[in-house]
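Naming convention: chains lettered A, B, ... in sequence-line order (proteins, then strands); numbering from 1 in each chain. The shown structure was predicted, so the numbers you read here are calculated from the model rather than taken from an experiment.
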There are 2 protein chains.
Amino acid sequence: MWIDEETDAQPRVPLSRRRVLRTAVAIADEAGVEALTMRRLASELGVEPMSLYHHVANKEAILDGLIEVIVGEILEAVGGLSGDDGWQAALRRRILAAREVLLRHRWAPAVFQTRKEIAAPLIAYYDGVLAILRSGGFSWDLAHHAIHALGSRAIGFAMELFQPDDAGSGDDDPEMMAMMAQQFPNIAGMMAAIVHDDPDTTLSWCDDQSEFEFGLDLLLEGLERRRSS
Amino acid sequence: MWIDEETDAQPRVPLSRRRVLRTAVAIADEAGVEALTMRRLASELGVEPMSLYHHVANKEAILDGLIEVIVGEILEAVGGLSGDDGWQAALRRRILAAREVLLRHRWAPAVFQTRKEIAAPLIAYYDGVLAILRSGGFSWDLAHHAIHALGSRAIGFAMELFQPDDAGSGDDDPEMMAMMAQQFPNIAGMMAAIVHDDPDTTLSWCDDQSEFEFGLDLLLEGLERRRSS
DNA sequence: ACCTGAACACCGTTCAAGT
DNA sequence: ACCTGAACACCGTTCAAGT
């Protein structure tokens, strides 16, 4: 009972929206969004599931709150940036800083995509993007196109359907490889060439990062050409 | 009982994987993926939920099957294309044809994103993309970069987080508009300029389409410059 | 005002049984 | 071989009750 008393003695911090959202983010980070259930969230907080509903309307509101938290982190990461080396460099810096936040919360893009309306907190982020474009001499119209062209890349996320590097790991079965080479000669040729160039192609964070930057630079350069023409 | 007999007389088409997947696509098209439950799918097929498990392993397998069907439609749409007007035109045609299929199944990109490995049927599609790039003179390495740079745009889907046009519809509250103009001057400025240019900006399919093409052309042009340098 | 417990209407899925 | 019915372990959430 001495132990019980000591346990009780810990001042039980009261539940709050903020605390609910912060542990929700922690669960998603550690176990993925699919593991984020009201019951798990409650038990992680040492509380009954129904207690959560005093601080958030429902689970949808928690997902909205998750986005709020992540966009908050992005705005913070992006707040201290500076430099007068042109709009391309400035926007590139902003986007790569946002990307670093997203890499810490890999579930976030999927959650962003489930919201049907634009996530309100993102407006502040995009206002900053527009500020950079305008100071670089973009018309309102071209700035508008630019935002659409960047899409989710504007916050550092590019949806990749195809990880060519994945397929390389399935080389346990040489027979299947041969069949694939026949059916998909270009895929097979590309993979052979890539493996030849760089046998270490498995370290995929670096790869993803440089591929992201490649695509981003393509867009930024294209936009600059449109602007100056 | 006459009626009963007539009803029974309809040759009850037996369940099959193909029939399961086709009605699954129909449900997703009409009511969204979130409405696609085993129970709903079964009742739409006039069968008990458990009967489905004789033709598909589980719900995950159905989602994989959904992708298989959609990629099948894409490959069909893309199969008859031709023209010798250069790789840019050829790839543009292929991607826009794929996009038309996706616009008929708007839930599809979200399902693509839930699969952790690359959807196997997509390999055939990408092999065709690579064929176009190679015939246009791309090195394996640059073709590889190109595929990453295109990302989901390669099958006609660009993830948009921000629909600036949405925000315009919230103009019922002039006080909020004023507050927004103060807090987010660039967003407000852009929206004012866009509404001024084109009061009909609400017809958003056309807009989305032209914005998609704008971004796609930016990438294609950038890739051509990389190729020819 | 805040938290709880039991209950409800949904899920996907297992199991044993029917034809 | 194919389909069924009851049951189980999960969901999010409502409601009435506790402090």
Only stems of 3 or more consecutive Watson-Crick or G-U pairs count here, both distances under 3.5 Å; name the ones for DNA chain C, or none.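 If one scans DNA chain C for consecutive Watson-Crick or G-U pairs, the stems found are C:4-8 with D:12-16, C:12-16 with D:4-8.
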Return the value, rounded to whole Å, for the distance between atom [atom1] of [X] and atom [atom2] of [N].
X: Leu45(A); N: dC3(C); atom1: CG; atom2: P; value: 10 Å
X: Leu52(B); N: dG5(D); atom1: CG; atom2: C1'; value: 15 Å
X: Arg39(A); N: dC11(C); atom1: CZ; atom2: C1'; value: 12 Å
X: Asn58(B); N: dG12(C); atom1: CG; atom2: P; value: 11 Å
X: Ile62(A); N: dC11(D); atom1: CD1; atom2: C1'; value: 14 Å
X: Arg40(A); N: dG12(D); atom1: CZ; atom2: P; value: 12 Å

With a 4.0 Å cutoff (strictly under), does any side-chain N or O of Ser51(A) reach OP1 or OP2 of dT4(C)?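 Result: yes.
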Is the shortest side-chain N/O distance from His55(B) to OP1 or OP2 of dC2(D) below 4.0 Å?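 Checking His55(B) against dC2(D): no side-chain N or O falls below 4.0 Å of OP1 or OP2.
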Under the rule for salt bridge (Lys or Arg N to Asp or Glu O under 4.0 Å), what residues qualify as partners of Arg18(B), not counting sequence neighbours? none
Choose from dT4(C), dG12(D), dG12(C) the nucleotide whose nearest atom is closest to any side-chain atom of Lys59(A).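 In terms of side-chain proximity for Lys59(A), the closest of dT4(C), dG12(D), dG12(C) is dG12(D).
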N/O donor to acceptor pairs below 3.5 angstrom from side-chain atoms of residues 39-49 of chain A, sequence neighbours left out:
unit_1	atom_1	unit_2	atom_2	d
Arg40(A)	NE	Glu44(A)	OE1	3.4
Ser43(A)	OG	Arg40(A)	O	3.3

salt_bridge(Glu160(A), Arg153(B)) N-O dist < 4.0 Å: no
Can you give me the closest heavy-atom contact between [X] and [Y], atom names plus distance?
X: Ala97(A); Y: Val78(A); value: CB-CG2, 4.2 Å
X: Ala98(A); Y: Ile74(A); value: CB-CG2, 3.8 Å
X: Val71(B); Y: Pro121(B); value: CG1-O, 3.5 Å
X: Ala149(A); Y: Leu218(B); value: CB-CD2, 4.1 Å

So if I define the base as every atom that isn't primed, P, OP1 or OP2, how would nucleotides 14-19 of chain C read as a B/S/- string at a heavy-atom cutoff under 4.0 Å? BB----
Which residues in residues 26-38 of chain A have a heavy atom closer than 4.0 Å to any atom of DNA chain C? none
Step by step, work out the salt bridge (Lys or Arg N to Asp or Glu O under 4.0 Å) result for Asp29(B) and Arg104(B). CA-CA 8 Å; Asp29(B) 285 346; Arg104(B) 294 202 304 266; over 6 Å; no
With a 3.5 Å cut-off and just heavy-atom distances, do the side chain of His54(B) and the base of dC3(D) make a donor-acceptor pair? yes
What distance do Thr23(A) atom OG1 and Leu21(A) atom CG have between them, rounded to the nearest 0.5 Å?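 Between Thr23(A) OG1 and Leu21(A) CG, I get 8.0 Å after rounding to 0.5 Å.
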So is Arg106(A) actually on top of Phe157(A)'s ring, under 6.0 Å and inside 45° of the axis? no
Residues in side chain to side chain contact (heavy atoms under 4.5 Å, CB included) with Ala124(A), at least two apart? Leu75(A), Phe184(B)
